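Reviewing the structure listed below.
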There are 2 protein chains.
Amino acid sequence: MSKKIIGIDLGGTSIKFAILTQEGEIQEKWSIKTNVLDEGSHIVPDIIESIQHKLSTHGLTKDDFVGIGMGSPGVVDSQAGTVIGAYNLDWKELQPVKEQIESALEIPFFIDNDANVAALGEQWVGAGENNPNVVFMTLGTGVGGGVVADGRLLHGVAGAAGELGHITVDFDAPIACTCGKKGCLETVASATGIVNLTRRYAEEYAGQAQLKKMIDDGQEVTAKDVFDLAKEGDDLALIVYKNFSRYLGIACANIASVLNPAYIVIGGGVSAAGDFLLKGLQETYDANTFPQIRTSTKLSLANLGNDAGVIGAASLVLK
Amino acid sequence: MSKKIIGIDLGGTSIKFAILTQEGEIQEKWSIKTNVLDEGSHIVPDIIESIQHKLSTHGLTKDDFVGIGMGSPGVVDSQAGTVIGAYNLDWKELQPVKEQIESALEIPFFIDNDANVAALGEQWVGAGENNPNVVFMTLGTGVGGGVVADGRLLHGVAGAAGELGHITVDFDAPIACTCGKKGCLETVASATGIVNLTRRYAEEYAGQAQLKKMIDDGQEVTAKDVFDLAKEGDDLALIVYKNFSRYLGIACANIASVLNPAYIVIGGGVSAAGDFLLKGLQETYDANTFPQIRTSTKLSLANLGNDAGVIGAASLVLK
């Protein structure tokens, strides 16, 4: 039997685990609740215990595994195997994760940032189709990303490569971002960003659109509401959709001109809008890329969903 | 004596050669005229003859060299060692450059695109200070570039990575680019682009600026004229300078958010404006980068001048 890999996706709510083949196929997955009490000091011991329990249940030993890979929030030093500043885990101090896990389990351990790890997952067995040049962008509460170039995950000089949410794209009425600057992709293309745009365009809109009524009634509007209404032809929702698509399309076009990846893969909650989202993007993307890029760099939707994290984490072991 | 490298910078006017140490130090350089007659069929034989002549003059043999590296215009297949579509060399057909040179000289041969090779030169011993993460941007007649990430030159899926001149940055009054789209960095930040901006802002300018008079008199205005006048405080020249800086600063900021290189190195003829150019850039750059990027990715001026090509070409041998 060829050796397996353990992939771990550490999040603020749950810790997802999977046992995978070296081809990236998930053979089994499970999860535990993240215990952030006592400055997150239970997290690593809980991970170790959960793996030990799973191994003993299945009669497996450390020799059945090539390694363990993990994606973590916060600032990850992948060389040292440490994490600091992961506020949703209450990890304020430096956590020697690699040291703790390797000494307990005696299996080689690898770690990287969670957005980077999801990028690796989609690149390897997801929408990236194992092409060595793939950019992954996640549109969720915020906008994050990861860049795989020549088969390698890029970190940059200070670990901030792939910070796609902070590309400046809005020169019309730039909104302040949590990062301290204005006009960031995140302020117009995240779930929150779409609500920002809805408020902006609702103000200058004078027609009878359903979305306008919802705003004026003080109802809570979500990105999903906006996309659903746009699909039905709601006037205001279409204005929001068109501008969201324009901003995101320009960001994708400019990323493509710098990196010429085979795919720019769009994931995260907002990407649930599916082909409707891609269709809107494509027009601006085509208008802002020159022929050689336009024909070689494709836009596509992520297809691993929540599994991207554990799969990408596992791929760290094989790098 | 440790072995040397030969670097070649092939251009439409001249072919530059250098003999370098493996540390990137030029020990000797020379050049010959590029003979583009007969569909550029004399070029490779001329290169071979020039190297043979130099070697025999110095009593050197193939065993004194690790390899030969070359930067070429056109579409370069660095794996196959071929070039096609280099119009300034009149190379319309596929040229098996590697095969020709290796069979004549029996020294291992490596080749890449000229802008990429200049990027490698600046990254290795120029302004990039041998940091593994450096982006190079050349502002000349056009705008080109190269990306070195994790010590590797990025090509992308179709060889178009680093096409920095076609990042869209002008949303004010986008000018048509030779690439077929509008608003490209090249239309506002190349030597030609600066003249484009001068014409744009001269039209709406009503004051007494010297630059305005030159335009109105039908005098030929160059990028250098604009920078020189801006340094002297010319009203219109300052407007052009401010907008040029804004467009270029946004492009640099967005490249930094994607790649977080240690340096974005600015070269090419327009960079002769020196620190005055950097100063203008910095303000927009700072306003469009978030703190982690702003403090770790620096803007700097190229410092190898015309030698970047032969030095970067030589570095191909060591990759």
Side-chain angles (χ1 to χ4, degrees), chain A residues 75 131-135 145 147 149-150 152-172 174 177-185 246 249-251 253-263 284 286-298, chain B residues 75 131-135 145 147 149-150 152-172 174 177-185 246 249-251 253-263 284 286-298:
Chain A
V75 179
N131 191 292
N133 293 288
V134 172
V135 171
V147 175
D150 275 358
R152 297 154 69 92
L153 190 60
L154 299 190
H155 294 92
V157 67
E163 283 290 355
L164 309 180
H166 304 292
I167 293 176
T168 306
V169 293
D170 179 8
F171 302 95
D172 302 318
C177 183
T178 50
C179 79
K181 64 187 200 83
K182 286 179 175 182
C184 294
L185 182 62
R246 178 169 59 91
I250 286 164
N254 286 350
I255 291 166
S257 293
V258 176
L259 291 165
N260 186 211
Y263 297 97
T284 310
D286 287 350
N288 287 282
T289 41
F290 70 100
Q292 202 186 345
I293 298 276
R294 191 185 308 143
T295 53
S296 60
T297 298
K298 311 281 184 204
Chain B
V75 179
N131 192 291
N133 293 289
V134 172
V135 172
V147 175
D150 277 357
R152 297 154 69 95
L153 190 60
L154 300 189
H155 293 92
V157 67
E163 282 289 355
L164 310 179
H166 304 291
I167 295 175
T168 305
V169 294
D170 178 8
F171 302 96
D172 303 316
C177 183
T178 50
C179 78
K181 67 187 200 74
K182 285 178 176 182
C184 295
L185 182 62
R246 178 168 59 91
I250 286 163
N254 287 350
I255 291 166
S257 293
V258 176
L259 292 165
N260 187 211
Y263 297 97
T284 310
D286 287 350
N288 286 282
T289 41
F290 70 98
Q292 203 186 347
I293 298 277
R294 193 184 307 141
T295 54
S296 60
T297 298
K298 312 280 182 204

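Just so you know, these numbers use all the heavy atoms, side chains as well, and skip hydrogens, waters and symmetry mates. Just so it is clear: chains get the letters A, B, ... in the order the sequence lines come, proteins before strands, and each one is counted from 1. Here the structure is a predicted model, which means the values were calculated and not measured.
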Chain B shares the most heavy-atom pairs under 4.5 Å, among A161(A), C179(A), G165(A), with A161(A)
Worksheet item: Does the side chain of L259(A) come within less than 4.5 Å of L259(B)'s, by heavy atoms?
Response: yes
Bottom line for N133(A): the part with an atom under 4.5 Å from chain B's heavy atoms is side chain
Item to check | Short side-chain donor-acceptor distance under 3.5 Å, T289(A) and K181(B) | outcome: no
key: Minimum side-chain heavy-atom gap C177(A)-H166(A) below 4.5 Å   = yes
Separation between CZ (F290(A)) and OG (S257(A)), nearest 0.5 Å, reads 6.0 Å
Applying a strict 4.5 Å limit to non-hydrogen atoms, the region of V147(B) in contact with chain A is side chain
Assert top hit (heavy-atom pairs under 4.5 Å, partner chain A, pool S296(B), A160(B), A158(B)) equals A160(B)
Can you tell if the side chain of V135(B) reaches within under 4.5 Å of the side chain of P261(B), non-hydrogen atoms only? yes
Comparing A256(A), A251(A), G162(A) against chain B, the one with the most heavy-atom pairs below 4.5 Å turns out to be G162(A)
Of N131(A), L185(A), D150(A), the largest count of non-hydrogen pairs under 4.5 angstrom with chain B goes to D150(A)
Of the listed V157(A), I293(A), I255(A), the one with the largest count of heavy-atom pairs under 4.5 Å with chain B is V157(A)
When the 4.5 angstrom heavy-atom criterion is applied to A262(A) and chain B, the contacting part is both
Student check: side-chain heavy atoms of L154(B) and L154(A) closer than 4.5 Å: yes
ask   = With side chains defined as the heavy atoms from C-beta onward, is the minimum distance between F171(B) and I250(A) less than 4.5 Å?
value = yes
Whatever's closer than 4.5 Å to a heavy atom in chain A on D172(B) counts as neither
When the 4.5 angstrom heavy-atom criterion is applied to I167(B) and chain A, the contacting part is both
